[in-house]
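Down below is the structure, laid out as structure tokens.
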Amino acid sequence: MRQASAIENVYDYAMDKLTILQYPDPRLATVAVPVERVDARVQSLVAAMLEVMYAANGVGLAATQVDVHERIVVMDTSEERNRPLVLINPEIVRSSEECKEWEEGCLSVPGIYDKVTRPDQVTVRALDAQGEPFELEADGLAAVCIQHEMDHLLGKMFVDYLSPLKRNRIKTKMLKRQRQAA
């Protein structure tokens, strides 16, 4: 008999059960696996992730950040904060050659911001919350957010783009905060 994974054992996700992992938690370096099928469990997770993202005033959240290592991203870059976007098993199928530098932050590294250079436009292919395939062309903040969140699915964070010196300073600062909060 096959043993069920922790993800399969949890059917209903609730916002209060999801905790955003904080850098340098090693679980943030986990590579996410593809979602096999979009079902009620995945839809429940998506709904809880959106609640957590909005409650934290974020524009994006990857499942990896809440210790669920499946290829799921939620985001909302709209001014009104009323246009959620769900990307399940996303893949970038095109990136512009033109790159732009953006100041990025992350819900897993609260209060820390730094400049990262990324392609200014991307086309992403994914499944929506109902499991329907779609393609989306994005530029500006939406393109940055897609790339940032997809990095999480690969176990990579925006601080990984920074110099080792900056990364070590951020790590030290985050560990100090975590000790003080404990």
Side-chain angles (χ1 to χ4, degrees), residues 13-23 28 32 35 38 42-68 70-162 166 170 173-174 177:
Y13 290 88
M15 181 179 117
D16 61 345
K17 292 181 185 172
L18 294 181
T19 302
I20 298 173
L21 300 176
Q22 301 290 304
Y23 180 77
L28 289 165
V35 173
V38 178
V42 169
Q43 292 168 337
S44 175
L45 173 59
V46 164
M49 286 175 61
L50 283 165
E51 285 185 55
V52 168
M53 180 193 74
Y54 286 126
N57 287 324
V59 295
L61 184 68
T64 300
Q65 292 176 271
V66 292
D67 202 21
V68 177
E70 292 183 276
R71 294 186 56 78
I72 302 171
V73 166
V74 298
M75 55 185 275
D76 187 343
T77 58
S78 69
E79 289 287 324
E80 304 80 20
R81 312 288 290 140
N82 64 356
R83 286 185 288 201
L85 178 64
V86 176
L87 304 169
I88 299 172
N89 295 336
E91 61 177 304
I92 293 176
V93 294
R94 189 189 68 74
S95 299
S96 66
E97 288 186 24
E98 182 183 336
C99 292
K100 189 171 179 183
E101 186 177 74
W102 285 80
E103 184 147 295
E104 292 188 29
C106 182
L107 293 176
S108 291
V109 195
I112 306 291
Y113 301 89
D114 214 316
K115 292 179 179 8
V116 177
T117 301
R118 297 185 186 270
D120 189 44
Q121 298 175 326
V122 295
T123 301
V124 64
R125 181 180 301 142
L127 302 176
D128 66 16
Q130 286 69 49
E132 296 298 321
F134 71 98
E135 270 193 19
L136 172 74
E137 291 184 19
D139 61 5
L141 178 59
V144 169
C145 188
I146 288 167
Q147 294 171 83
H148 176 108
E149 299 309 331
M150 286 182 64
D151 274 352
H152 280 297
L153 301 178
L154 299 172
K156 189 171 184 177
M157 297 186 59
F158 89 95
V159 297
D160 294 329
Y161 290 94
L162 306 178
K166 281 186 177 182
I170 291 168
K173 185 181 230 176
M174 292 298 297
R177 280 187 198 166

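It should be emphasised that the depicted structure is a prediction, and the values quoted were computed from it without experimental measurement. Both backbone and side-chain heavy atoms feed into the values below; hydrogens, waters and symmetry mates do not.
- Rounded to the nearest 0.5 angstrom, Cys99 SG and Gln121 CD are separated by 11.0 Å.
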Go through the steps for Arg118 and Trp102 under the test side-chain contact (heavy atoms from CB on, under 4.5 Å), then give the verdict. CA-CA 8 Å; Arg118 297 185 186 270; Trp102 285 80; 5.8 Å; no

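- Surrounding CD of Glu97 are at most 12 heavy atoms belonging to other residues, nucleotides or ligands under 6.0 Å away.
- Taking the side chain as every heavy atom from C-beta outward, Glu101 and Thr117 approach each other to under 4.5 Å.
- Between Val124 and Met150, the shortest heavy-atom contact is CG2-SD, 4.1 Å.
- For the atom pair CG (Leu61) and CE (Met75), the distance works out to 12.0 Å, reported to the nearest 0.5 Å.
- Separation of atoms CG (Leu162) and CE (Met157) is listed at 10.5 Å; rounding is to 0.5 Å.
- Put simply, the side chain of Gln43 gets close to the backbone of Ala129: a donor and an acceptor are under 3.5 Å apart.
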Only pairs under 3.5 Å count here: list side-chain donor-acceptor contacts from residues 81-95, not counting sequence neighbours, and write none if there are none.
unit_1: Arg81; atom_1: NH1; unit_2: Gly58; atom_2: O; d: 3.4
unit_1: Arg81; atom_1: NH1; unit_2: Asp76; atom_2: O; d: 2.4
unit_1: Arg81; atom_1: NH2; unit_2: Gly58; atom_2: O; d: 2.3
unit_1: Arg83; atom_1: NH2; unit_2: Glu80; atom_2: OE1; d: 3.4
unit_1: Asn89; atom_1: OD1; unit_2: Val35; atom_2: N; d: 2.7
unit_1: Asn89; atom_1: ND2; unit_2: Val35; atom_2: O; d: 3.0
unit_1: Arg94; atom_1: NE; unit_2: Thr123; atom_2: OG1; d: 3.4

Take Leu18 and Leu45 through the side-chain contact (heavy atoms from CB on, under 4.5 Å) test and state the conclusion after the steps. CA-CA 9 Å; Leu18 294 181; Leu45 173 59; 4.2 Å; yes

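- The shortest distance between side-chain heavy atoms of Val38 and Val46 does not fall below 4.5 Å.
- Contact between Phe158 and Asp114 at its shortest, heavy atoms only, is CE1-N, 3.9 Å.
- Across all their heavy atoms, Gly155 and Asp160 have their closest contact at O-OD2, 4.3 Å.
- At least one side-chain heavy atom of Leu28 sits under 4.5 Å from a side-chain heavy atom of Gln65.
- Across all their heavy atoms, Glu149 and Ala62 have their closest contact at OE1-N, 3.2 Å.
- Between Glu104 and Lys115, the closest side-chain pair of non-hydrogen atoms is not below 4.5 Å.
- The distance from atom CD1 of Ile72 to atom NE2 of His152, rounded to the nearest 0.5 Å, is 14.5 Å.
- We find the CG-CG distance between Asp139 and Asp120 to be 6.0 Å, quoted to the nearest 0.5 Å.
- We find the CG-CZ distance between Leu136 and Arg125 to be 12.5 Å, quoted to the nearest 0.5 Å.
- Counted within 6.0 Å of CD on Glu79, heavy atoms from surrounding residues, nucleotides or ligands total 12 or fewer; the atom is thus considered open.
- When every heavy atom of Pro110 is checked against every heavy atom of Ser108, the shortest pair comes out as CD-C, 3.4 Å.
- In plain terms, the two heavy atoms of Leu107 and Ala56 that are nearest each other are CD2-O, 3.6 Å.
- For the pair Lys156 and Tyr161, the cation sits on the ring face: its NZ or CZ lies under 6.0 Å from the ring centre, inside 45° of the axis.
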